[in-house]
Each structure stands twice: as C-alpha cells, then as structure tokens.
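Structure first, commentary second.
Any value given below was found using the heavy atoms of this structure, including those in side chains, with hydrogens, waters and symmetry copies removed.
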Amino acid sequence: LAINLIPLPCRMESSCLDLALEGERLCKAGDYRTGVSFFESAIQVGTEDLQILSAIYSQLGNAYFHLQEYNKALEYHRHDLTLTRTIGDEVGEAKASGNLGNTLKLLGRYDEAVVCCQRHLEITRAIYDKVGQARALYNFGNVYHAKGKSICWTGADPGEFPEEARVALRKAAQYYEANLSLVQVLGDRAAQGRTFGNLGNTYYLLGEFEMAVAAHEKRLLIAKEFGDRSAERRAHCNLGNANIFLNQFEVAADHYKRTLQLARLLKDRAVEAQACYSLGNTYTLLQEYARAIDYHVKHLEIARELNDRVGEGRAYWSLGNAHTALGNHQQAMYFAEKHLEIAKETGDKSSEDTARMNLSDLRLVVGLKSNSNIHPSIFRNTNINSPLLPLSYQHYPKLSGSLDTIGEDGFFDLLSRFQGNRIDDQRCSLLDDQSPLPAHSSPSHTPPVAERKSISECETPLQDPGHFLELLASSQARRLDDQRVSMSHFPGLRLSTSSLHLEASAEQTEGDDVFFDMLVKCQGSRLNDQRCTAPPCTTKGPTVPDEDFFSLILRSQSNRMEEQRVLPPGITQSKPD
C-alpha cells in the first residue's frame with residue numbers, strides 16, 4: 001500500500017515537538033498504538049503552525065490506518081486534506097488525497113476513493129512529480145482491483161462475474177500497466193515487484209491465467225533479488241493458483257510445496273495450513289488420494305491448533321472426498337458427519353447442503369439407515385483398490401486414462417467446464433458505445449470520476465454518511481462570499497490574534513470546483529445505496545486460502561444436488577411435465 005508520509009518539521013514548541021517526534025519514532029518501530037497516544041497528546045498541547053499540524057494529522061491518520069481503525073484514519077486524513085487546501089499546499093494536498101483514497105478504498109467507498117485518486121494524479125502531473133504520479137496510478141489500480149474483487153466474490157456464480165466487475169478489473173490492469181511504465185523508467189525495482197504481483201492477481205480474476213503466470217513469475221524474480229521471503233511465498237502461492245486453472249497440476253503442486261517450505265521458514269502456521277490444503281486438493285485432482293489425505297490431515301491439525309472451525313470443516317469435507325475416492329465409505333461417513341456438524345455451527349448453508357447430500361449418498365452405499373458412531377483413525381494408510389470419484393460422484397463410472405477421457409458428469413469435467421466458462425468470458429466483445437474504459441479515461445489522461453456504484457458498499461448500510469459531508473462542509477467554507485475559513489474546527493490548532501482567520505485564495509479555480517462537485521455527487525449517491533439490504537456474510541477461516549478455488553467446486557456441487565441423487569432399487573423418479 002502506498003502510504004504518503006509527511007515528515008514532521010523541527011520548528012515546533014519543545015513540548016509538542018517532543019511528543020510528536022516520539023510518536024513518529026514509535027510508529028517507525030512498529031508500535032503504532034503507543035505512537036498514536038503521543039500524537040494525540042501533541043494535538044492536545046497544540047501548535048500555531050499549520051504546516052506542523054498538517055504533518056501531525058498525516059502521520060496520525062497513517063498510524064490509525066495501520067491499526068485498521070479506518071474511520072479514525074479517515075477523520076485525520078480528512079483534517080489534513082482540508083488544512084492543506086486551505087493553506088494552498090499542493091504537495092501536501094496531493095499526499096492527503098492519496099491517503100484519503102486508500103482509506104476510502106478499505107471502507108468500500110470506491111467511487112469516492114476514485115475522486116481522491118484523480119485529484120492526487122492531477123496535482124502530481126501539474127507539478128511534474130514522477131514519483132507521485134507513479135504512486136497515484138498504483139493507488140488507482142488498487143481501488144479498481146478492490147472494487148472488482150469485491151463484486152467477484154460476493155455471491156457471483158463461478159465464471160459468471162458481472163460486467164461491472166470485469167470493467168473495474170480491466171481498469172485496474174490498465175492503471176497497473178501505466179504505473180509499471182513509470183517505475184521502470186525510474187528504476188524502482190521494489191515498486192515493479194509490487195505492481196507485477198497486483199497485476200498478476202488482476203489477470204487471475206479476469207481468467208487470463210497465462211498472463212497471470214507471466215506477471216507472477218516476474219514478481220517472484222524480483223522478490224528473490226531482494227531476499228523478500230514473504231513476497232516470494234506469495235508469488236509461489238499465486239503461481240500455484242493460476243497453474244491449477246491451466247490444468248498444470250504438477251506445476252501447481254511444485255509451487256505449493258515451495259509455499260509450504262517458506263511458510264515453515266517464516267513460522268506462519270496459518271499459511272502453512274493453507275499450503276497443505278491447496279496441496280491436498282491438487283493431489284485429489286491428480287488422483288493421488290493417499291497423498292491428498294496426508295496433506296489434509298496436516299491442514300486439519302493446524303486448523304484445530306488455531307481454533308479455526310471453518311478450516312476444520314473444509315478439511316473434513318476434503319478428507320471425506322478423498323476417502324470416498326479410495327472406496328473407504330465408512331471413514332468418509334465419519335468425515336461427512338463432522339463436516340455437517342461444523343457447517344451447522346458456522347451457519348454455512350451451502351456447506352450444510354453439500355454435507356447432507358454426501359451423507360445421503362454414502363448411506364445408500366453402505367446400507368445404513370441411521371447415523372452410526374464410527375471413529376476411524378484418520379492416520380491409517382490405505383491402498384487404492386477401485387478408485388471412485390469424490391463425494392456426490394461416486395456412483396458414476398470409474399476414472400480411467402487421462403483427464404481428457406473423463407465422462408460428462410465427472411468431477412474433473414466440472415472443473416474444466418468452470419474453466420471453460422471463464423475462458424468464454426474473455427472472448428466476449430463489447431460494442432464501441434459500451435467500451436468500459438473510454439479513450440479520455442485511460443491512465444495517460446485524467447481518469448473518470450463518475451463511476452457506477454459498487455454493490456459492495458451495501459455491506460455497510462449503517463455507515464455514517466456524515467463523515468464525508470463534514471469534509472465537504474469544512475473544505476468548502478473557503479468558497480463563501482467572504483472567502484475566509486474559520487480555523488476553530490481544527491483540533492490541535494492554538495489560535496492567536498493573527499491566526500483567528502486565514503484568507504484563502506482570491507479566486508477558486510475550476511479544478512477545485514470540479515473536485516468538490518464530484519465528491520458531493522458520490523456522497524449523495526451513497527445515501528440511497530445505504531438503504532439496500534446487505535448481502536449475506538460469508539465466513540472464511542485463517543487456514544483457508546483467500547483464493548480458494550476449490551470452494552467454487554463445492555458451490556457447483558451444491559447447485560447440482562438433485563442431479564446427483566441416487567435412488568434405491570425399485571424406485572423410479574417422476575419427471576416434470
């Protein structure tokens with residue numbers, strides 16, 4: 001995340017100076033909570049210098065941002081933006097706009113974030129600040145990436161992402177490409193690495209997996225140059241995800257193994273569990289079920305250790321699939337029952353439906369009429385006799401030959417058809433008058449400011465709409481007829497006779513008017529958007545990967561529940577009229 005830091009000036013009253021500098025030192029050391037207390041104390045002491053106050057606002061906003069207290073961060077970045085505009089500090093205004101845009105993005109207020117990013121970009125171009133331009137383009141990409149991803153993973157069916165999401169992701173890719181052009185000229189390899197990683201993630205969501213692989217390979221190379229183990233681990237994980245959808249399962253497994261090694265080196269137990277989970281499902285795709293079970297057991301152990309009930313449920317589901325494939329139906333029954341138990345506990349309706357379907361099918365196979373207390377050893381080694389398909393597919397013909405020979409209703413065909421849907425999406429053509437990114441809004445020009453409202457903003461219907469209106473009211477005070485701004489609303493400002501009122505610019509520029517007008521429009525549209533019903537909350541455990549593509553298979557299985565039911569002999573199923 002590109003956070004814009006404003007160094008504290010040294011010409012400050014000694015008591016306020018000491019407090020602010022100590023807060024700065026603590027934040028640099030990573031102790032943001034204590035740093036915040038010192039900055040707040042500095043504000044209580046106060047200062048008459050507006051430049052100094054702006055620097056404190058900026059650093060305090062960034063500290064709250066790192067503490068994930070985004071509403072408090074928004075408050076201080078809002079003060080900083082208002083103050084810098086009031087005193088005519090363009091450099092400070094650019095940085096405050098960038099920080100405000102980052103914060104609004106984390107709050108899901110994407111259209112307002114776009115307006116702030118635009119202002120950031122406009123100012124840096126006007127003052128020929130190449131580094132600032134690169135940062136603004138990167139932030140732009142992050143906003144559109146976050147907007148697109150929020151739509152992709154909030155209820156959309158696999159391979160059927162809404163056009164709004166695709167438009168946002170295309171814009172994200174273009175802004176990242178524009179950023180790359182600048183940072184390559186500037187020779188900033190670290191910035192290049194970050195952008196390649198985000199660009200790869202964007203292409204992944206768009207279903208352009210080969211381009212995602214190319215970007216992540218470059219990200220991996222730069223991570224190794226810097227010895228950045230965390231970035232290297234992320235790159236390997238992302239490469240594994242992309243190769244899964246290219247049917248390169250062996251390659252994916254190699255990347256997940258490297259992810260596992262690095263997670264252990266970094267002593268990150270949650271990521272270690274995620275790597276085991278991904279490896280287990282990859283070996284299921286490779287039909288190496290015994291190896292899959294080993295990795296799922298390791299995932300289960302860590303999920304229990306971290307008290308991750310969602311992760312436990314996913315591990316039980318995966319173990320049930322693997323044991324069913326091996327023909328171990330009684331063991332599969334045990335895991336399906338555990339899966340159902342946790343699905344009920346966590347309120348995961350989709351998983352609950354899938355678990356019930358699996359149990360129903362398994363009872364038919366083993367001839368059980370009611371639940372039985374079966375407690376198999378999940379560590380027992382088993383031999384492959386007659387491998388069957390995973391849960392809900394065990395009644396179909398056995399797998400034989402390569403993946404290309406699997407029948408229409410096979411488990412692997414489900415995955416390939418899902419991939420096919422996403423590939424077809426890439427081939428769609430848009431009419432000229434429906435182009436998602438008009439020529440005037442390309443990264444080489446000023447980007448658009450009137451964007452469609454993201455449905456993700458409905459997730460916070462009770463969010464106080466007055467926050468940004470307060471920003472507008474305070475900022476537009478200088479547009480009054482007397483062209484004066486009252487300084488009394490700035491916390492930490494010690495008023496003197498000379499600073500009771502500060503004269504603003506004699507004339508307001510057209511660009512300033514457009515900036516505020518667009519913010520007003522964005523804020524106004526949010527008032528109606530907040531009245532909609534919030535989408536259902538989805539749960540995710542720390543031991544389940546963010547890009548859990550196997551959950552898409554689970555959802556697809558759940559949707560096809562009725563198709564997969566097998567009736568006892570002698571009972572025929574009536575067909576609809």
- Item | Shortest non-hydrogen separation from G311 to V544 and the atoms involved | CA-CG2, 3.8 Å

- For the residue pair T354 and W317, establish whether any side-chain heavy-atom pair is separated by less than 4.5 Å. yes

- Message: Whether the H77 and N62 side chains hold a donor-acceptor pair (N or O, under 3.5 Å, no angle test) is what I'd like checked.
- Response: yes

- Is there a donor-acceptor pair closer than 3.5 Å between any side-chain N or O of T543 and the backbone N or O of A270? no

- Message: For R291, is there an ion pair with E288 - N to carboxylate O distance below 4.0 angstrom?
- Response: yes

- Message: Applying side chain to side chain contact (heavy atoms under 4.5 Å, CB included) to L220 and K224, what does each step give before you reach the verdict?
- Response: CA-CA 6 Å; L220 178 60; K224 289 180 177 179; 3.9 Å; yes

- Note on the structure: Partner of N179 under side chain to side chain donor-acceptor pair (under 3.5 Å), picked from N198, T195, N142, is T195

- Item | Test item: H216 and F196 side chains (from C-beta on) under 4.5 Å apart, heavy atoms | no

- Would you call E232 and R258 a salt bridge, taking side-chain N to carboxylate O under 4.0 Å as the test? yes

- Message: So, taking the atom named CG in L359 and the one named CG in L340, what distance separates them when rounded to the nearest 0.5 Å?
- Response: 6.0 Å

- Taking the side chain as every heavy atom from C-beta outward, state whether M333 and T324 have any pair of such atoms under 4.5 Å apart. no

- Item | Approximate separation, where rounding is to 0.5 Å, of E69 CD and Y64 OH | 6.0 Å

- So, are K298 and D294 salt-bridged, with charged N and O less than 4.0 Å apart? no

- Query: Do Q248 and H255 have side-chain heavy atoms sitting under 4.5 Å apart?
  - Reply: no

- Query: Is there side-chain contact between D348 and V310, with heavy atoms separated by less than 4.5 Å?
  - Reply: no

- Query: Which atoms form the tightest heavy-atom contact between T284 and A292, and what is the distance?
  - Reply: OG1-CB, 3.5 Å

- Without swapping roles, check the side chain of E305 against the backbone of L300 for a donor-acceptor pair under 3.5 Å. no

- Less than 4.5 Å apart, any side-chain heavy atom of Y175 and any of H145? no

- Note on the structure: Taking every heavy atom of A165 against every heavy atom of G148, the minimum-distance pair comes out as CB-O, 3.8 Å

- Give the intermediate values and the outcome of side chain to side chain contact (heavy atoms under 4.5 Å, CB included) for residues C276 and H296. CA-CA 6 Å; C276 290; H296 284 309; over 6 Å; no

- Item | Reference residue E272; test side chain to side chain contact (heavy atoms under 4.5 Å, CB included); the match among K267, R264, H299 | R264

- Query: Could you go step by step and tell me if I244 and L285 meet the side chain to side chain contact (heavy atoms under 4.5 Å, CB included) rule?
  - Reply: CA-CA 9 Å; I244 283 288; L285 293 174; 4.1 Å; yes

- Message: Under 6.0 Å between ring centres: does that hold for F335 and H323?
- Response: yes

- Which atom pair, heavy atoms only, marks the closest approach of Y256 to N241? OH-OD1, 2.6 Å

- Query: Just wondering, are more than 12 heavy atoms of other shown residues or ligands nearer than 6.0 Å to CD in Q261?
  - Reply: yes

- Message: Give me the atom names and distance for the closest heavy-atom approach of F226 to A190.
- Response: CZ-N, 3.7 Å

- Message: Angle between ring planes, Y204 versus F209, binned at 30° and 60°: parallel, tilted or perpendicular?
- Response: perpendicular

- Side-chain heavy-atom pair H236, D254 within 4.5 angstrom cut-off: no

- Message: What's the separation between atom CD1 in I342 and atom CD in E337, rounded to the nearest 0.5 Å?
- Response: 12.5 Å

- Taking N328 for its side chain and Q331 for its backbone only, find out whether a donor-acceptor pair lies under 3.5 Å. no

- Looking at Y70 versus F65, is the centre-to-centre ring distance below 6.0 Å? yes

- Message: Once rounded to the nearest 0.5 Å, what's the spacing between atom SG of C117 and atom OH of Y144?
- Response: 8.5 Å

- Query: Below 4.0 angstrom, N of the basic side chain to O of the carboxylate: do E163 and R170 qualify?
  - Reply: no

- Task: List the steps and the verdict of side chain to side chain contact (heavy atoms under 4.5 Å, CB included) for N71 and L107.
- Result: CA-CA 8 Å; N71 284 318; L107 289 170; 3.9 Å; yes

- Query: Which word best sums up how the rings of Y295 and Y283 line up, parallel for under 30°, tilted for 30 to 60°, or perpendicular for over 60°?
  - Reply: parallel

- How long is the span from the OH atom in Y203 to the CE atom in M211, to the nearest 0.5 Å? 3.5 Å

- Item | Note, E112 side chain near K105 side chain (heavy atom, < 4.5 Å) | no

- Message: Minimum heavy-atom separation for C27 and G35, please, with both atom names.
- Response: SG-CA, 4.0 Å

- Ion pair E301/R304, N-O distance below 4.0 Å: no

- Task: State the CD1-CZ distance between I151 and R166, to the nearest 0.5 angstrom.
- Result: 12.0 Å

- Item | Axial cation check for Y110 ring with K147, 6.0 Å and 45° limits | no

- Message: Can a side-chain donor-acceptor contact be found between D31 and T34 if the only test is distance below 3.5 angstrom?
- Response: yes

